[in-house]
Structure formats: C-alpha cells, structure tokens
Number of protein chains: 2
Amino acid sequence: MTALKVRSPRKPKGQGAERREEILDAALKLFSAKGLHTVSTRQIAEAVGISQPALYAYFATKDDITAELCIRAFAILVERMEAARADFIPTTQCFEKALRVYVDFGLQNPDAYRVAFMVEKGLDGTYKERVGDRPMMAGIGAFQRFAEIVAEMRDAGLTHDDDVQRMTQTLWAGLHGLVSLLIARPDFPWVEREVLIACHISLLRRGVLKGVG
Amino acid sequence: MTALKVRSPRKPKGQGAERREEILDAALKLFSAKGLHTVSTRQIAEAVGISQPALYAYFATKDDITAELCIRAFAILVERMEAARADFIPTTQCFEKALRVYVDFGLQNPDAYRVAFMVEKGLDGTYKERVGDRPMMAGIGAFQRFAEIVAEMRDAGLTHDDDVQRMTQTLWAGLHGLVSLLIARPDFPWVEREVLIACHISLLRRGVLKGVG
DNA sequence: CACAATAATCGATCAGTGATAACTTATCAC
DNA sequence: GTGATAAGTTATCACTGATCGATTATTGTG
C-alpha cells in the first residue's frame, strides 16, 4: 500500500459547495463499505483528495457529515412514502405495499437508517446537542406519512384500534424491529429474507387490521 | 474537579478474579450513567482505582468488558424466559405475559440489550472477530425459549402460521423494534409507555394467534 | 496589469482513545 | 531468605476528532 496522497485540485472561488458534495459522496461510499464507526475523517479526506482539517471548513463535526447523509436519505424515504400515499386506497394490498416501501428503504439505505434510528445517543445528551435531532426529525417525516395512511384505514373502519398515534407508533416499531435486526445482525440464521419480510408484514397487517386473517 | 487518583489496594495473590468483578461493576455503572461509547477505559480504571493498562490483565479488549456484561445480563433473561415457560399453558394470557417478560428485560437492561442487538458490527467483521458473537448467542438462548413457546401455541392450533422458526423470528423482530426504539430514542413523543407496550403486545398477539381480536 | 480581499486549503499540533511493552512490587510456597 | 509469579505500574505507540494560524490561489476592482 503506497497510498501516496493524491490531491484534488483546489476549487474555484465560489465552488466550495461542490467540494462539500464530494465529501458527502466519499463518506457515503466509505460508510457503506466499512461501516460507520470504522471510517475516520482522515480516510474521508484522503478519498476526497484534501487534507483532513479541510473537512472542517464544510462540516463542524464528523457527526454532521453522517447527519447530512442521513437527512438526504430520509428525504428519499418521505418521497417514496408520499408516492405510496398518492395512489393509496384503504385496502389490505395498499397497506402492505406501504409497509414494504419502508422495509425496502431501510435495507437499501442501511447506513442512513442506522444513523437515524440505531445510533447511540449518549445519555449525557452529547449526540443530541451536536447534531440535533435533525436526522431523526427527517425520519419522523416518514412516520407522519404512515400516520396518514393508518388514519385512512381507520376512517374506513378497518383497524382494531381507533387511536391513530398509538397504532402508528406500534406499527412503526414493528417494522423497525425487522429492518434494524436485518441490518445489525445479518449473520443470524434468518429464514429466507423475502419470505421473512412477507411474513412479517402479514403479521403486522393482521395486528392492525380487522377482517380476514 | 480535583480527581486525585485514589488507588485501590493491591489484591492478594489468588484474588485477581475479585478485581475482575470490580471492573465489571464499575463499567456497568458508568455505561448506565453515560452511555456505552462515551465511557473510556481510563474512566473505568479510575472508578476501580487502578491504572488503565491494568484492565488488560483481565480483559483482552474494551469490547470484551461490554461483552461479558452483556452475556451476564442475557443469562438473566434466559432465566426469566424459562420461568415464564415453566408455568406456561397455551393461552392468550400466558403468551402475552411471555412477550412482556422480554420487553421488561430490555428496558431494564438497556446497555446489555444495546450490545447484544443494536451495536454496530463493522462490515469488515472487526467486531465479530474480537468479541465473537458470544453476546448475541447469549441473546439467542432467549430466542430459543421463545421458539418453544411459539411451538406450543402452534401445537395447540392457535397460530396463523405453521412454521415456528419463521413465526418466532417475526415475533422477535416485532418485540425488538419496540424495545430498541424506546432505548435509542427516548425523546420521541411516544404515547404513554405502558399503554404503548400493551398496545404493541396486543398487536403482535393478534398477528401471531388466530381467534378473538 | 497590479492589488487587496477572501475563499480554499494546508501543516502542525492538541487532548483523548485503545492497546502494548517493559518494568516493578507485593505476596506466596518452600 | 529465596525464587517464582500474580498484580500493578509508568512510559509509550498509533490513531482519533478537532483547532490554530499561516498560506496559497483566485477573484473582482482600481
């Protein structure tokens, strides 16, 4: 491993934002390849082709980089949830499809998902103060879309429970459980993944909706 | 903060194991108070009253300390699950009670729970190689108890699905979702906790069991 | 074209991290 | 006493995220 540092040419004067994107791109790739905690700021900087302190011109903190990635990823989720909601009618099929959107997103964006819902917060509130709950709030946007869907199901008289908040939180927790375990423990002797997901979604649907089992 | 280092007297010759316990005790308290990632080996050592390198006479790695704490905590869970299974008869009440045991355990031992199921593994396999999957395996012991309970329910003809593995994994994921979210995101505007737990358990029960909604 | 302004970036450095090596000290059996 | 050895030490390493102050390169202006 020679690892001569190859420097990227300095950006023209107004183009700092471009470098910022490069940093986010490099970070995303590294995180996906090696996991969140094992990637250092120096590795990110080297991948971009700049010095390590240069990162701090664009991000106050390493956590801010992950937070931004996370927020962007969740914007995509909200988008997908809205798409699912656009052609939503209160049926079992539509309902399951919406759940499936969430699961697929989590498994396709494991790093963002980790940062948003699985990363340790630090009981002293450190994490919270630095990065805010911005990533989580972004995730909550998706949660709200879920609440709307659940509300529609309730209004159609299809749910067991009438309290939408309560039901949505429970449903969300149920989905999150599968997604986070598949992400955190890929080596567990899981039943075939597609089968498991289908089975899980059916279970949640039965738990929320009245009618045919 | 003066923080004069107060040294604990050297242990007699055969009593190294006692120091080991002291380390685990101190670590558990610190982890509970400040969270896992924010506690350093130096802090643990100071709490015990020994030098930082002295830790490494008892544990090869910082992760090994958390792993041991985790394994011990999960031994308790297995114990409780076995107790729940001892006076188990295939009824809705007993089933829900068993689920409740799991949730209560997770919320009472959040740090152990984190290490076992929520801590990042490192895609390069670092975490796995050092600490093994010993903590997770300890957790799996509890999972097996669940499987047995589910099997009893199936044999009584009460479940929707006949595949015990599949159902148990799904059920476990559902429980884990609530526990892990409550641990990781305590600040989320949750519905009142007891209500939420009860609601979630009902949902999972409806998802798994046939019969009355 | 020269020049000041400034965005972009760098090298040096800091305190803190987990971990290791080499050494000391207390305690024990004989 | 005298070795052997468990228990613990200090010094140090490579690495981490982060800060400081200086240094480029570029730009619009005179």
Side-chain angles (χ1 to χ4, degrees), chain A residues 1 3-23 26-27 30-31 34-68 119-120 122 124 126-127 129-131, chain B residues 1 3-23 26-27 30-31 34-68 119-120 122 124 126-127 129-131:
Chain A
M1 285 303 145
L4 304 159
K5 56 177 90 174
V6 181
R7 282 282 142 101
S8 163
R10 175 194 274 252
K11 293 291 171 190
K13 230 170 169 182
Q15 315 305 82
E18 190 176 314
R19 176 83 349 132
R20 202 184 140 91
E21 292 307 312
E22 291 178 16
I23 294 171
L30 285 171
F31 287 160
K34 307 209 222 175
L36 268 172
H37 272 305
T38 58
V39 176
S40 70
T41 52
R42 277 155 181 93
Q43 288 174 306
I44 298 172
E46 191 189 327
V48 176
I50 57 178
S51 70
Q52 180 252 358
L55 294 176
Y56 291 84
Y58 304 98
F59 300 93
T61 276
K62 188 195 179 187
D63 284 340
D64 283 350
I65 299 178
T66 70
E68 174 111 15
V119 158
E120 177 122 31
D124 51 356
T126 319
Y127 174 77
E129 275 162 37
R130 304 221 66 145
V131 112
Chain B
M1 287 303 140
L4 304 159
K5 57 176 89 173
V6 181
R7 283 279 140 102
S8 163
R10 174 195 276 252
K11 294 291 174 189
K13 226 167 172 184
Q15 316 303 74
E18 192 175 312
R19 179 78 356 129
R20 201 184 140 92
E21 291 307 311
E22 291 179 17
I23 293 170
L30 285 171
F31 287 159
K34 308 210 221 174
L36 268 171
H37 272 308
T38 59
V39 176
S40 70
T41 53
R42 279 158 180 90
Q43 287 174 304
I44 297 172
E46 191 189 326
V48 176
I50 57 178
S51 70
Q52 179 253 355
L55 295 176
Y56 290 84
Y58 303 100
F59 299 94
T61 275
K62 188 194 179 188
D63 284 340
D64 282 351
I65 299 178
T66 71
E68 174 111 15
V119 157
E120 177 123 30
D124 49 358
T126 320
Y127 173 78
E129 276 163 36
R130 304 222 65 147
V131 112

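None of these values were measured; they are calculated from a predicted model.
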Contact class for [X] vs. all strands (heavy atom < 4.0 Å): base, sugar-phosphate, or nothing?
| X | value |
| --- | --- |
| A/Phe59 | nothing |
| A/Val39 | sugar-phosphate |
| B/Ala57 | nothing |

At less than 4.0 Å, is any side-chain N or O atom of [X] found next to OP1 or OP2 of [N]? Yes or no.
| X | N | result |
| --- | --- | --- |
| A/Lys62 | D/dG17 | yes |
| B/Arg19 | D/dG8 | yes |
| B/Tyr56 | C/dA21 | no |
| A/Ser51 | C/dT9 | no |
| B/Arg7 | D/dT9 | yes |
| A/Thr61 | D/dG17 | no |

Round to the nearest Å and state the distance from [X] atom [atom1] to [N] atom [atom2].
| X | N | atom1 | atom2 | result |
| --- | --- | --- | --- | --- |
| A/His37 | C/dG18 | NE2 | P | 13 Å |
| A/Arg42 | D/dA14 | CZ | P | 14 Å |
| A/Ile44 | D/dC15 | CD1 | P | 17 Å |
| B/Gln43 | C/dG16 | CD | C1' | 10 Å |
| A/Glu18 | D/dT26 | CD | C1' | 15 Å |
| A/Glu46 | D/dC15 | CD | C1' | 14 Å |
| A/Asp63 | D/dT16 | CG | C1' | 13 Å |
| A/Lys13 | D/dG28 | NZ | P | 8 Å |

From [options], nucleotide with atom closest to [X] side chain:
| X | options | result |
| --- | --- | --- |
| B/Pro53 | C/dA7, D/dT10, C/dA19 | D/dT10 |
| B/Ser40 | D/dA25, D/dT27, C/dT17 | C/dT17 |
| A/Gln52 | D/dA7, D/dT19, C/dT9 | D/dT19 |

### Message
Given 3.5 Å as the limit, does a donor-acceptor pair link the side chain of A/Gln43 with the main chain of A/Ser40, or not?
### Response
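Yes; at least one donor-acceptor contact below 3.5 Å.
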### Query
Paired with C/dG16: which nucleotide, if any, by Watson-Crick or G-U wobble criteria at under 3.5 Å for both distances?
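C/dG16 is paired with D/dC15.
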### Query
Does any N or O donor sit under 3.5 Å from an N or O acceptor when you compare the side chain of B/Arg10 with the base of C/dT27?
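By the distance-only test, no, there is no pair.
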### Message
Quick check: any donor-acceptor pair below 3.5 Å linking the side-chain of A/Gln15 to the base of C/dA7?
### Response
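Under the 3.5 Å cut-off, the side chain and the base do not form any donor-acceptor pair.
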### Task
Taking all non-hydrogen atoms of both residues into account, name the closest pair between B/Thr66 and B/Leu36 and its distance.
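Shortest heavy-atom separation between B/Thr66 and B/Leu36 comes out as CG2-CD2, 4.0 Å.
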### Message
Which heavy atom of A/Val39 sits nearest to which heavy atom of A/Lys34, and what is that distance?
### Response
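Closest approach of A/Val39 to A/Lys34: CG2-CB, 3.9 Å.
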### Message
A side-chain contact here means heavy atoms from C-beta on lying under 4.5 Å apart; do B/Thr41 and B/Ile65 qualify?
### Response
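In short, these two side chains do not touch, never coming nearer than 4.5 Å.
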### Message
To the closest 0.5 Å, what do you measure between CZ (A/Arg42) and OG (A/Ser51)?
### Response
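Interatomic distance, A/Arg42 CZ to A/Ser51 OG, rounded to 0.5 Å: 10.0 Å.
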### B/Glu22/B/Arg19 under side chain to side chain contact (heavy atoms under 4.5 Å, CB included): CA gap, chis, key distance, verdict
CA-CA 5 Å; B/Glu22 291 179 17; B/Arg19 179 78 356 129; 3.3 Å; yes
